[in-house]
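To find a chain, count down the sequence lines: A is the first, B the second, and so on, and within it residues start at 1.
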Amino acid sequence: MAVKVTPRSEDYARWYTEIVQKADLADYAPVRGCMVIKPYGYALWENIKEGLDRRFKATGHANAYFPLFIPMSFLEKEAEHVEGFSPELAVVTVGGGKQLEEPLAVRPTSETIIGHMYAKWIQSYRDLPVLINQWANVIRWEMRTRLFLRTTEFLWQEGHTAHATAEEAMEETLLILDLYAELATEDAAMPVIKGRKSESEKFAGAVTSYTIEAMMGDRRALQAGTSHFLGQNFARAFDIQFLDENNELQYVWTTSWGMSTRMVGGVVMVHGDDQGLILPPRLAPIQVVVVPIWRDEEQKEAVLKAAAQVRAALEPEVRLKVDDREGLSPGWKFNDWEMRGVPLRIEIGPKDVEQGQVVLARRDRPGREGKTTVPVTGLAEAVRNMLDTLQADLYRRAEAFLKEHTAYPEDFEGLREAAADGFAYAWWCGSAECEAKVKEETSATIRCIPLDQGPGKGRCIVCGEEAAERAVFGRAY
RNA sequence: CGGGGCGUAGCUCAGUCCGGCUAGAGCGCGCGGUUUGGGUCCGCGAGGCCGCCGGUUCAAGUCCGGCCGCCCCGACCA
């Protein structure tokens with residue numbers, strides 16, 4: 001009965017932090033800015049990971065592993081790259097009790113060391129393309145950290161590819177962006193906007209950065225995945241050259257792309273409510289929880305037997321848990337599993353056993369409204385349908401929310417209002433000055449220049465000059 | 001790095017202003033009973049270097065100095 005979480009409307013940041021901990025996703029570690037991902041949170045990450053890994057492999061990528069330590073000199077080889085990352089590097093200067101000859105950076109990302117290796121591996125156009133991904137941890141010494149959203153150490157995948165032509169590399173960059181968007185929309189039920197980053201927001205060392213941007217429950221933007229076209233910047237810095245069909249020496253074209261444990265935070269913030277998490281069925285570590293209800297031993301036996309039959313009917317297709325813990329009331333268990341965001345609950349009591357039925361309760365519809373009684377015969381079918389419906393409804397709800405808080409302002413005042421409420425699509429001339437002015441006056445930034453532009457031209461919402469593109473403005477995480 | 005807050009039981013905190021004898025509550029945990037269709041109730045119990053170091057004092061959770069850490073808000077970032 002008692003509310004245990006700060007309501008979202010009262011303090012969104014606090015709601016988020018509390019929910020992540022109370023749903024057992026993560027806990028603070030004894031090191032500043034670091035967190036422990038607990039088994040339940042890790043299981044959620046593993047499902048995201050599997051969704052990505054499957055898609056990468058289906059498109060010809062292979063996993064490999066590169067070292068955690070990167071010689072400092074490597075990072076310094078690409079001018080923009082070092083400038084972008086040096087403020088947040090962790091550096092090892094002592095090893096085995098001795099001062100190191102060359103300090104080692106703990107990888108903040110692996111373009112440099114992978115570039116170094118690619119230079120060794122690539123000789124001929126026959127060696128291309130190289131399509132490698134790695135699952136790894138990285139360290140970035142951030143000022144302010146938040147569980148999952150920005151931690152000093154985080155887990156991610158980073159893909160690094162090398163191609164013979166610019167076209168092919170660009171194709172790869174956009175292919176990956178599509179895979180990210182697919183994971184977000186289909187698995188995480190998270191609507192996203194695919195777009196290009198502005199110069200000021202792009203990855204340090206990239207020619208062009210692409211992103212998927214999602215709207216969180218507080219109407220702020222979360223960059224959920226990025227894919228970079230690196231041109232020949234790293235190829236030149238690391239001398240990655242190959243002989244083409246005409247026996248001419250050329251630099252390769254590279255890409256890099258990443259999605260991180262931040263995505264877990266995104267799932268929490270897109271779907272969660274004041275009762276706790278709401279997990280999309282495709283990603284939920286537990287899709288269905290069975291809560292047996294009994295009064296005496298006789299009932300207990302009958303109910304648990306029915307629960308076992310339900311389990312047998314649903315497993316292994318459905319990830320299911322029977323909560324047969326003693327001494328906890330059903331109501332307590334309901335709240336507990338709601339906090340953890342389990343999409344579907346099956347209640348089985350003596351009455352149900354008697355009548356050959358169970359009660360299904362869907363997480364996205366609180367209380368009695370979300371409950372339906374279904375016969376045990378054909379339960380598997382009903383559960384499968386319900387999970388599909390839930391997955392679709394979660395997406396629809398998030399999409400409606402996104403649309404509701406997206407505006408198309410015509411003037412600067414309108415932009416100010418729209419950006420305070422959510423996302424604003426507006427014409428932008430492309431100048432850094434206009435971009436900076438918006439940031440300064442509204443605290444909103446250009447989240448991306450959407451790939452999906454729609455027709456026509458307009459005038460920059462800031463300076464009034466001709467503008468060829470619309471940008472999406474919003475306050476960001 | 002700037003601003004604010006906080007370090008006392010596993011958690012949330014009271015006690016600190018105004019020093020005092022055996023350091024408290026609620027939740028959680030263990031045991032027994034009672035309950036179980038939306039966070040049952042009762043009893044008993046375990047659990048503390050009061051963040052760390054130093055100082056003042058007959059006496060420090062409490063006063064003084066220093067240090068460390070964490071959280072929140074801003075500037076940087078997946």
Sequence neighbours excluded, which residues qualify as side chain to side chain donor-acceptor pair (under 3.5 Å) partners of [X]?
X        : answer
A/Glu199 : A/Lys202
A/Asn137 : A/Arg107, A/Glu153
A/Tyr180 : A/Gln157

Handout entry: Nearest-Å distance once atom C1' is located in both B/C6 and B/G15
Key = 16 Å

Handout entry: Same-atom distance (P) from B/G51 to B/U62, integer angstrom
Key = 8 Å

Problem - side chain to side chain contact (heavy atoms under 4.5 Å, CB included) partners of A/Glu469, counting only residues at least two apart - result: A/Arg196, A/Ile449, A/Gln453

Exercise for the section: Under the side chain to side chain contact (heavy atoms under 4.5 Å, CB included) rule, collect the residues that match up with A/Val106, sequence neighbours excluded. Expected result: A/Leu68, A/Phe69, A/Ala90, A/Val92, A/Ile139

Handout entry: B/U40 phosphate, OP1 or OP2, under 4.0 Å from A/Ser329 side-chain N/O
Key = yes

Is [N] paired to anything, Watson-Crick or G-U wobble with both distances less than 3.5 Å, and if yes, which nucleotide?
N     : answer
B/A14 : none
B/C44 : B/G30
B/C6  : B/G69
B/C21 : none
B/A75 : none

Can you check the [X] [atom1] to [N] [atom2] distance for me, whole Å?
X        : N     : atom1 : atom2 : answer
A/Lys22  : B/G10 : NZ    : P     : 18 Å
A/Asp296 : B/U34 : CG    : C1'   : 14 Å
A/Trp294 : B/U40 : CH2   : P     : 14 Å
A/Lys333 : B/U35 : NZ    : C1'   : 13 Å
A/Glu298 : B/U36 : CD    : P     : 16 Å
A/Glu18  : B/C11 : CD    : P     : 15 Å
A/Lys300 : B/G37 : NZ    : C1'   : 18 Å
A/Glu326 : B/U40 : CD    : C1'   : 16 Å

Exercise for the section: Decide if the gap between the ring center of A/His116 and the ring center of A/Phe74 is smaller than 6.0 angstrom. Expected result: yes

Practice task
Step through it carefully: locate the ring centre of A/Phe334, locate the ring centre of A/Trp332, and say whether they are under 6.0 Å apart.
Solution key: no

Exercise for the section: Summarise how protein sits on nucleotides 69-78 of chain B as a single string, 5' to 3': B when a protein heavy atom is under 4.0 Å from the base, S for sugar-phosphate-only contact, - for no contact. Expected result: -SSSSBBBBB

Practice task
Report yes if a donor N or O on one partner sits less than 3.5 Å from an acceptor N or O on the other, where the partners are the side chain of A/Lys371 and the base of B/G37; otherwise report no.
Solution key: no

Handout entry: Short N-O contact, A/Arg475 and A/Asp218, less than 4.0 angstrom
Key = no

Using a cut-off of 4.0 Å on non-hydrogen atoms, how would the nucleic acid contact of [X] be classed: base, sugar-phosphate, or nothing?
X        : value
A/Leu222 : nothing
A/Val291 : nothing
A/Gly258 : nothing

